[in-house]
Amino acid sequence: MLYFSTRNSNAKVTASEAISRGLAPDGGLYVPETLPQLTLDDIKALGKTDYRGRALGIMRLFLDEFEEDELKTMIAKAYGDNFDTPDTAPLHFVDGKTAVLELWHGPTCAFKDMALQMLPHLLTASLKKCGEKRKVCILVATSGDTGKAALEGFADVEDTKILVFYPHNGVSDVQKLQMITQTGNNVSVAAVRGNFDDAQTGVKQIFADKDFAGELSVKGWFLSSANSINWGRLLPQIVYYFSAYCDFANSGRIEYGDALDFVVPTGNFGNILACWYAKNMGLPVGKLICASNQNNVLADFFERGVYDRNRKFYTTISPSMDILVSSNLERLIYSVCKSSDEVSGYMSQLSKTGRYEVSGEIKSVISEYFVGGYCTDEDTKKTIGSVYAENGYLMDTHTAVAYKKLIDYRASEGNSAAAVVVSTASPYKFCDSVLSALGRDNAASGTQLIEMLSEVTGTKVPKPLAGLDRREKRFDLVVDKQDMKAAVADFLK
């Protein structure tokens, strides 16, 4: 299995090279040259094993450089006692046709754990396979959850350092506390004055700076990424779509072979892209419903085929989706058009003008398989309140965006097909907004809200969030976006 850049299909590399580099030298994203195909019998076989077995069954198809025992060891470390349920990614059935895929049972209470508990093992093994002698510094731009999950995954990993940039005043109190209290001798965190797109653009510019890379190489360092632009981040996400399908079918609510819709709250497009790959590998996926908040650049794209970041940026109660530049959309476009020249043209237009319009062929494909939509903060809160009142199920602000879009889709299409709502975070990560949605507005802040949400709902505080306010606050650096490279240089001096 070889990989190449979305912007140059001729320069092929191994999986270990793609994972080690993160971003391709031309600025493109690595994609597999082919997608493995699974039969219905293959999927049924996955349904007879646990999450670890499903992870092995999918990931080994893409990682033929790795021995099976090697992968088993990595998977056992990634998905073990660090998750608070043996199911790892359980389904919660709200009704007979609707399930919520809970991806937040890991050490940081967010779906990023599903990939970032695996990536450090994949990356360190890949570096050895590539004969890399330098140490690696992981650079991360986060809209909230990736940062903490990456810090947790890479903390004290040998021969690595990790620096996370997050938008100043652009994450929840709990998310910020999780990052600035992170333990580990190889970690650091910095806030960027601006929004997530500023942080993400700054990181991409650092990766593209060849002179800076040369300076770091002399000092024994090179840069890599833990964002979903890294194939090692995206691959583990494919697994939980197969797992969710198997659990739904095993429940008897659908038969193996029946189509299942997936509703995904997404900002950077990695999460729903993994579902698209699963579908193209043979998973019986019906519609892929892409749910956005008021930063509705993706909703507009799926309606008109025009990607335009030239719009007002909103700070919302679902901050992990407060994004106007969805990096992984590039991979979707390549998978449809199969032309690196065409993709390069679109990305060049985006860089120069902030917009591009895809071809009629691409529009036709995305309109057939994808549905885009968005909702306001007000609708998000109403959804949290109504689902809790009617079903006794508590969800966070991102999951509620997806749930609302499923309701809208079913109403508009007269469709009641079985569906999975992908839940990306524990409601305890966004206590202020969740409490407000339950009619409990108050003047409390930070971790006081965690205890209050527990009291109001009678639910248990997740262990990783308990006592968060009593942990040492280690990082208080705030930088302008033009000073991000200097922060990296200082961290590695």
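How far CG of L216 is from CH2 of W221: 9.5 Å, rounded to the nearest 0.5 Å. Rounding to the nearest 0.5 angstrom, the gap separating the CG atom in N268 from the OG atom in S326 is 6.0 Å. Between the CG atom of L91 and the OG atom of S423 there is a distance of 11.0 Å, given to the nearest 0.5 Å. The line from CZ of R7 to CG of L29 is 7.0 Å long, rounded to the nearest 0.5 Å. Here CD1 of I138 is found 11.0 Å from CG of L151. Values are rounded to the nearest 0.5 Å. Summarising the geometry, atom CZ belonging to F430 is positioned 4.0 Å from atom CD belonging to Q175; distances are rounded to the nearest 0.5 Å.
When every heavy atom of M179 is checked against every heavy atom of G147, the shortest pair comes out as SD-CA, 4.1 Å. Of all non-hydrogen atoms in A425 and T399, the two that sit nearest each other are O-OG1, 4.3 Å.
At a threshold of 4.5 Å between non-hydrogen side-chain atoms, the residues V203 and M484 count as touching. Proximity of M321 to S143: side-chain heavy atoms (C-beta onward) are nowhere separated by under 4.5 Å. Using a 4.5 Å heavy-atom threshold, the side chains of T316 and N295 count as touching. For the pair K12/E33, a side-chain contact is recorded, criterion being any heavy-atom separation below 4.5 Å from C-beta on.
Residues Y241 and N271 bring a donor and an acceptor atom of their side chains to less than 3.5 Å of each other. No hydrogens or angles considered: a donor-acceptor pair under 3.5 Å links the side chains of T108 and D113. Residues D322 and N195 bring no donor and acceptor atom of their side chains to less than 3.5 Å of each other. Remark: the N8 side chain and the S340 side chain contain no N/O donor-acceptor pair separated by less than 3.5 Å. Remark: the N230 side chain and the S225 side chain contain no N/O donor-acceptor pair separated by less than 3.5 Å. Judged purely by distance below 3.5 Å, without hydrogens or angles, the side chains of Y346 and E342 pair a donor atom with an acceptor atom. A donor and an acceptor atom, one from each side chain of T160 and N186, are located under 3.5 Å apart.
Between F370 and W276, the ring planes are tilted. Angles from 30° to 60° get that label.
For the side-chain contact (heavy atoms from CB on, under 4.5 Å) test, residues two or more places apart in sequence or in another chain that qualify with D490 are K493. In this structure, the side-chain contact (heavy atoms from CB on, under 4.5 Å) partners of T85, at least two apart in sequence or on a different chain, are D87, P90, H105.
Ring to ring, Y245 and Y240 are not that close: their centroids are 6.0 angstrom or more apart. Aromatic pair Y30/Y3: centroids not less than 6.0 angstrom apart.
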| message | What verdict does the salt bridge (Lys or Arg N to Asp or Glu O under 4.0 Å) test give for K128 and E132, after you've listed the backbone C-alpha separation in whole Å, the side-chain angles of each residue and the deciding distance to 0.1 Å? | response | CA-CA 6 Å; K128 291 177 181 177; E132 181 59 66; over 6 Å; no

Exercise for review: Show your reasoning for whether ring-ring contact (aromatic ring centres under 6.0 Å, His included) applies to Y277 and F62.
Suggested key: CA-CA 12 Å; Y277 281 146; F62 293 89; 7.9 Å; no

Note to self: Using the rule given for side-chain contact (heavy atoms from CB on, under 4.5 Å), can you reason through L103 versus L101, listing the C-alpha separation, both sets of side-chain angles and the distance that settles it, and then say yes or no?
What the structure shows: CA-CA 6 Å; L103 298 176; L101 174 60; 3.6 Å; yes

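Side-chain atoms of S20 come within 3.5 Å of backbone atoms of S16 as a donor-acceptor pair (strictly under, hydrogens ignored). Although no hydrogens or angles enter the test, the distance criterion places a donor-acceptor pair under 3.5 Å between the side chain of Q200 and the main chain of V325. A donor-acceptor contact shorter than 3.5 Å links the side chain of N82 to the backbone of A78.
None of E65, E17, E70, E67 except one satisfies the salt bridge (charged side-chain N to carboxylate O under 4.0 Å, His left out) rule with K129; the exception is E70. D198 pairs in a salt bridge (charged side-chain N to carboxylate O under 4.0 Å, His left out) with only one of the listed residues (K204, K481, R193), which is K481.
Salt-bridge formation is detected for the pair R311/D300: a Lys NZ or Arg NE/NH1/NH2 atom is positioned less than 4.0 Å from an Asp or Glu carboxylate oxygen.
Taking the ring axis of F212 as reference, the NZ or CZ atom of K485 stays within 45° of it and closer than 6.0 Å to the ring centre.
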